[in-house]
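Inspection log for the structure reproduced underneath, given as structure tokens.
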2 protein chains.
Amino acid sequence: MATINDVCKLAGVSKATVSRVLNNTGQVKPATAEAVYQAMKTLGYKPNSLARALATNKTNTLGLVVSAFEGAYFSSLMRQASETTAKSGKQLLIMDGGHSQESECQAINSLVEQRVDAIILYTRKMPPEQLKQMMQTLSVPLVVINQMVEGFEPQCICFDQYKAACEATEFLINSGHRKIACITGPEDSVNSRLRLKGFHDTLDKHQLTATGFYHGNYFTQSGYLGCQALLDKQKPFTALFTANDNMAMGAIRALHEHGRQVPGDISVMGFDNDPAGEFLIPSLTTVTLPVEAMAQAAIEQALLLVKDEKISPVDLFAGELIVRESVDQLQKPS
Amino acid sequence: MATINDVCKLAGVSKATVSRVLNNTGQVKPATAEAVYQAMKTLGYKPNSLARALATNKTNTLGLVVSAFEGAYFSSLMRQASETTAKSGKQLLIMDGGHSQESECQAINSLVEQRVDAIILYTRKMPPEQLKQMMQTLSVPLVVINQMVEGFEPQCICFDQYKAACEATEFLINSGHRKIACITGPEDSVNSRLRLKGFHDTLDKHQLTATGFYHGNYFTQSGYLGCQALLDKQKPFTALFTANDNMAMGAIRALHEHGRQVPGDISVMGFDNDPAGEFLIPSLTTVTLPVEAMAQAAIEQALLLVKDEKISPVDLFAGELIVRESVDQLQKPS
DNA sequence: TTGTAAGCGTTATCAT
DNA sequence: ATGATAACGCTTACAA
């Protein structure tokens, strides 16, 4: 692999000059520049970004840690993050946060060792206190998605989980449902707790109480199992609130296998607006989660932090109810 | 950010010694080692992997370029690749190949500049000749998934698209279907052409001909649109062969909107075995594509190449028919 | 067991 | 307009 020295020799100039044409910094006579270009070409020279980073103390790289690769949600997140980063002329390094807090830490650590300019973290496992501590001690700027850290608001890109869950539940109630069951996310997830709280509070507000609930894990299968469990309990319900679209799909399948019509017998509300939901039969009533916008905001904040600019907090992102077929109106909404 | 020099001073030893304890290479007195650890800890020292890579000429990093982030298929690919790499103690750097051949080249180029130890490429856009050229000229080993390059077979991890498509079609015919339409992938994709060829050849073999076909783009929506187009043509068919599960889902939705029962009126065959297919109503008859195994094989070959070991070609991966509900047996299979 | 010093491929500061 | 040369943070002979 050719180095800058090889180029020097072939072009008959010094390292400094080659570096100049490489970064077009400083003045260099067109003729020599041309010679250097030629030399680079014939040698197939590619600058070594490691050496460059070492010399400049800038890697031009952002690190993104995601807590999963599965699901349309994360796909969109990664795609948008990658796009926004590319537009800024930097690299995006995507790492798997794995299934545990420990592996998330490892991922972050490894990004720090690689000297990325900033880290964007989508975590499901990291407790808020530890996030706070990292924000304080880490030597690179850290932006987190979907987790609020007190005192570091500008570095947090959040979605109003609670409100969105309230609205979804409200819609169910407004549609005339009174017996509502729920399949929620894992207990150890802050966001899933927020969604659950929104659900419960809204029921409370209407003097209702949940007909049953089940802790899923966001995978389709757990929606399926959860719904079976709910059905087995023999407590009848007319609507099911689900903490994401995947689980909604699983639940609908379980309902179908039990001979229940959706939405005729039981209505199902999703969460996330997975693109597949539009094509399901019945199509899924759900609430959008603007991942793309959030990913973009996260990268942009990170980019500002890299430039040492002061940043202001980003508003909470809001959900939007998408009314499709899977929820029946038992009565007209008020 | 603390450097090795800071550690030296605080611990009162030389760089060499610190390096020794860092990599536990060579002999170092337990007492001094302890002192060094202490120093590292109190300084919050993290080795700079750039400097290390520069010195050793090894980055301990593999680069993966994917042609898309969307879809369960790529999620599995990335997850498995990430896992296998991690097991080997290396890093996986995932890059977006983007939507064009040019951006794929950029991604590769940038990985080369970052001096990754090897590159794994899942491409949809790169023509075979160019792949071949890269394999010859690139300074890092290159492994490609799903594309066969003559003379570089050991570096190609492939799936037998053709055979799988034949089997799927055969199943349709065996089930009594004679009027079969098809929604295939993009024309410029080698694999999608192979699937289409398998479909056509199998029909030929039975003296049948396709009732119609449509070029989709692997997104759900295009299955939906394609199926509508097919329906509008008024050429009746009893079965639909689809080049991936997403498009199958879209097609089923279109069929439903046109009042056709699946599989009662029209059977639908998917391709890929997307995990969602199991929960669809009707659940999807499809053929598995062993992405995980392929991803693992790709990483393992890459790892061997890094170690300069000679590698032998990996067998073509085979599909497996998954019989579920979406295909009706008009007659018992022979 | 430990230290010295050269080198990895760049950039950047001086001179010239 | 160009060239020496000292960093950058680490590894690795070679000495001691």
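Values below: all heavy atoms of this structure, side chains included; hydrogens, waters and symmetry mates excluded.
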Run the salt bridge (charged side-chain N to carboxylate O under 4.0 Å, His left out) check on B:Asp188 and B:Arg124 step by step: do they pass?
CA-CA 8 Å; B:Asp188 63 357; B:Arg124 275 180 177 167; over 6 Å; no

Kindly say if [X] contacts the phosphate of [N], meaning a side-chain N or O under 4.0 Å from OP1 or OP2.
| X | N | value |
| --- | --- | --- |
| A:Ser19 | C:dT11 | yes |
| A:Asn23 | C:dT11 | yes |
| A:Thr56 | C:dT11 | no |
| B:Thr32 | C:dT2 | yes |

Considering only heavy atoms and no angle criterion, is a donor-acceptor pair shorter than 3.5 Å present between the side chain of B:Arg115 and the base of C:dG9?
no

Heavy-atom donor-acceptor pair, A:Lys29 side-chain to D:dT2 base, under 3.5 Å:
no

Measure from the side-chain N and O atoms of B:Asn23 to the backbone N and O of B:Arg20, and report whether any donor-acceptor pair falls under 3.5 Å.
no

Check for a donor-acceptor pair, side chain of B:Ser19 on one end and backbone N or O of B:Lys15 on the other, with a separation under 3.5 Å.
no

Using a 4.0 Å heavy-atom cut-off across all strands, classify A:Lys46 as base, sugar-phosphate, or nothing.
sugar-phosphate

Would you kindly give the [atom1]-to-[atom2] distance between [X] and [N], to the nearest whole Å?
| X | N | atom1 | atom2 | value |
| --- | --- | --- | --- | --- |
| B:Met1 | D:dC8 | CE | P | 16 Å |
| A:Glu113 | D:dG9 | CD | P | 15 Å |
| A:Lys58 | C:dT10 | NZ | C1' | 17 Å |
| A:Lys9 | D:dG3 | NZ | C1' | 15 Å |
| A:Asn57 | C:dT10 | CG | C1' | 13 Å |

Before you tell me yes or no, could you show the steps for A:Thr85 and A:Ser88 under side-chain hydrogen bond (donor to acceptor under 3.5 Å, both in side chains), namely the whole-Å CA-CA distance, both residues' side-chain angles and the distance that decides it to 0.1 Å?
CA-CA 5 Å; A:Thr85 313; A:Ser88 79; 5.8 Å; no

Hey, which of these two, B:Val28 or A:Ala16, hits DNA chain C nearer its 5' end, going by closest nucleotide?
B:Val28

